[in-house]
There are 2 protein chains.
Amino acid sequence: MPDTTEQSAPRAKRPTRAQRREEILAAATRVFGSKGYHQGSLVDVAAQVGITHAGVLHHFGSKDKLLWEVLEYRDRVDVQDLEGQHIPGGMDLFRHLVTTARQNAGRRGIVQAYAVLTGESVTDGHPASTWVAERFAVLRGEISQAVRELADERSVTLPEGEPERAAAAVIAVMDGLQLQWLLDPEAVDLAAATGFAIESILTATLGSTVRITNP
Amino acid sequence: MPDTTEQSAPRAKRPTRAQRREEILAAATRVFGSKGYHQGSLVDVAAQVGITHAGVLHHFGSKDKLLWEVLEYRDRVDVQDLEGQHIPGGMDLFRHLVTTARQNAGRRGIVQAYAVLTGESVTDGHPASTWVAERFAVLRGEISQAVRELADERSVTLPEGEPERAAAAVIAVMDGLQLQWLLDPEAVDLAAATGFAIESILTATLGSTVRITNP
DNA sequence: CCACACTTACTTACTGGTTAGTAAGCCCGC
DNA sequence: GCGGGCTTACTAACCAGTAAGTAAGTGTGG
């Protein structure tokens, strides 16, 4: 017997299409994050929203498309968090990276989702592989640009390919630390280790001590 | 009609139990490497050896046990490659790490298997998670010890927790670079970037320039 | 040296479970 | 009253694991 007296809640009625899609995307992020894409099923996702898996397919057509929208959704949320709505450059970028690491230590789910999908994406023909590869490429571009800016500020001439090498190393250390932290949070201080590693790489690249001050 | 004249070849007859198990382990490494553990099926593994999936289960009992043996097999092969049969310490360890990275650039399959399984292992209740976590713990122990040795050699006193932080960063950067390299081999020079990053971290930790000379 | 007993290495066939995706229809709210 | 949101019901594929049978090898007693 459904309770029809329920009407004080703002929307016990029916969620709009946009609301439902958002709910499903959030649920899918959790499911793909905790179980991976292949092991996480549409039934799992649907259950979290309180519908059947066919309902999910009604909104997204296929599991692959759902994954795609989850990834775009994550990007959108990330950009939203960035109040300025634009990616900072120079030293601000590295400050932002360390800040993100500190925030990440408090939201295991997101970190797990990212780690699982990234790992899975190196399998042959994985639907997320191009997304992850492009993401890496964009990040390398932004970070190497920031490294060049810092070098210019300090009038340092860098060897050919050095900014790119440093950028790849910075991204690598962040991802790798997340893996270790997920498997053993006691053993790794995510924020501290990330800050330390990025400072190390920048110091070695620029030839003089670099400190990333807390904003 | 089987050719009984064939006897110059050591075994056209029937492979021994040990031989078959080895074949299956190699096949499973390839399959789990290219498809992941969950997506890679026993049928896939069996097909590569030319038997049925029940034959695989005859030798290994269950898929979980097969994975376990694959991981131990990988360890065994790695140790075999190390001619001294023992893990080096001090600067030799870091030389060994860079050498490994250089070798890895020529064996994509192994790197892929490691990356996929590590990523998958952070999912809830994954059969490989304890193995990966322990592997990380052991590596952190060995590398932080090597860092302490280098510090002693140079009469440097390190802050509390610094060797562990450096060790985690070194492992992280190796894993992270592998991911980027797998997704875009053109964009990342695995050996060069690994050497650069490790040198950076050691230099920052020890306070003086560290170079890892080619053996 | 060979027959008989036994073991090993599988295969075939099946079970129970889970999966993504499809089709058709119901029902609520505008 | 009708259309979008959803369910129920289904399919076809695939999965790990089990059971039972078979052929080929191995060891042994005579």
Side-chain angles (χ1 to χ4, degrees), chain A residues 1-7 9-25 27-28 31-32 34-70 120 123 125-128, chain B residues 1-4 6-7 10-25 27-28 31-32 35-70 120 123-128:
Chain A
M1 193 212 287
D3 184 9
T4 50
T5 65
E6 176 83 71
Q7 59 189 66
R11 56 172 187 90
K13 297 282 185 186
R14 200 207 309 186
T16 67
R17 178 171 183 82
Q19 281 171 334
R20 254 297 193 254
R21 284 176 57 97
E22 195 101 347
E23 284 180 50
I24 294 171
L25 285 174
V31 169
F32 293 160
S34 63
K35 300 197 177 190
Y37 171 72
H38 283 300
Q39 195 61 9
S41 72
L42 292 179
V43 176
D44 292 330
V45 174
Q48 291 213 9
V49 193
I51 61 175
T52 64
H53 89 280
V56 173
L57 286 170
H58 166 71
H59 284 287
F60 291 93
S62 78
K63 198 187 179 187
D64 273 29
K65 285 182 196 157
L66 175 59
L67 174 63
W68 255 102
E69 299 227 32
V70 164
E120 242 183 350
T123 57
H126 194 282
Chain B
M1 193 214 285
D3 184 10
T4 50
E6 174 84 69
Q7 59 190 66
R11 53 169 189 94
K13 296 281 186 184
R14 204 217 298 194
T16 68
R17 177 171 183 81
Q19 281 171 334
R20 254 295 193 256
R21 284 176 56 96
E22 196 101 347
E23 283 180 51
I24 294 171
L25 285 174
V31 170
F32 292 160
K35 298 196 177 190
Y37 172 73
H38 284 300
Q39 194 62 8
S41 72
L42 292 179
V43 176
D44 292 330
V45 174
Q48 290 213 8
V49 194
I51 60 176
T52 64
H53 88 280
V56 173
L57 286 171
H58 165 73
H59 285 287
F60 291 93
S62 77
K63 199 189 179 188
D64 274 27
K65 285 182 196 158
L66 175 59
L67 174 62
W68 254 102
E69 299 228 31
V70 164
E120 243 182 349
T123 58
D124 307 335
H126 194 282

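The chains referred to below are lettered A, B, ... by the order of the sequence lines, with proteins before strands, and numbering in each begins at 1. Keep in mind that what you see is a predicted model, and the values were worked out from it rather than measured.
Between B:His38 atom NE2 and D:dA16 atom P the separation is 11 Å, expressed in whole Å. In this structure, B:Glu23 atom CD and C:dA9 atom C1' are separated by 13 Å, rounded to whole Å. The distance from atom CD1 of A:Ile51 to atom C1' of D:dG5 is 9 Å, rounded to the nearest whole Å. Between B:Phe60 atom CZ and D:dA16 atom P there is a gap of 15 Å when expressed in whole angstrom units. For the pair A:Gln19 CD and D:dG4 P, the computed distance is 18 Å after rounding to whole Å. What separates CZ of B:Arg17 from P of D:dT26 is a distance of 15 Å, to the nearest Å. Atom P of nucleotide C:dA9 and atom CD of B:Glu22 are separated by 15 Å, given to the nearest angstrom. The NZ-P distance, from A:Lys63 to C:dT18, rounds to 15 Å in whole Å.
Between D:dG17, D:dT18, D:dG5, one nucleotide has an atom nearer to the side chain of B:Ala54 than all others, and that is D:dT18. Proximity note for A:Leu42 (side chain, C-beta onward) versus C:dA20, D:dA16, C:dC10: the nearest is C:dA20. For A:Val43, counting side-chain heavy atoms from C-beta on, the closest listed nucleotide (C:dT19, D:dT18, D:dC15) is C:dT19. Looking at the side chain of B:Ser41, the nearest of the listed nucleotides D:dC6, C:dA20, D:dA16 is D:dA16. Listed nucleotides: C:dG21, D:dT18, C:dT11. Nearest to the side chain of B:Leu57: D:dT18.
Between D:dG5 and A:His58, a contact under 4.0 Å exists linking OP1 or OP2 to a side-chain N or O. Note on B:Thr52: a side-chain N or O is less than 4.0 Å away from OP1 or OP2 of C:dT11. Contact check, A:Arg20 against D:dC6: a side-chain N or O comes under 4.0 Å of OP1 or OP2.
In this structure, A:Thr123 contributes its side chain and A:His126 its backbone to no donor-acceptor pair below 3.5 Å. Without hydrogens or angle criteria, B:Glu120 side chain to B:Tyr37 main chain gives a donor-acceptor distance under 3.5 Å.
Checked by distance alone, B:His53 brings a side-chain donor or acceptor within 3.5 Å of a matching partner on the base of D:dG17.
DNA chain C is contacted by both A:Gly61 and A:Asp44; A:Asp44 maps to the nucleotide lying nearer its 5′ end (nearest heavy atom per residue).
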- Message: Checking B:Thr52 against B:Val43 for the side-chain contact (heavy atoms from CB on, under 4.5 Å) test, could you report, in this order, the C-alpha distance in whole Å, the side-chain angles of both residues, the deciding distance, and whether it holds?
- Response: CA-CA 7 Å; B:Thr52 64; B:Val43 176; over 6 Å; no
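Contact record, A:Asp44 with A:Gln39: OD2-O, 4.3 Å, taken as the closest heavy-atom pair. Closest of all the heavy-atom pairs between A:Val45 and A:Ala27 is O-CB, 3.9 Å.
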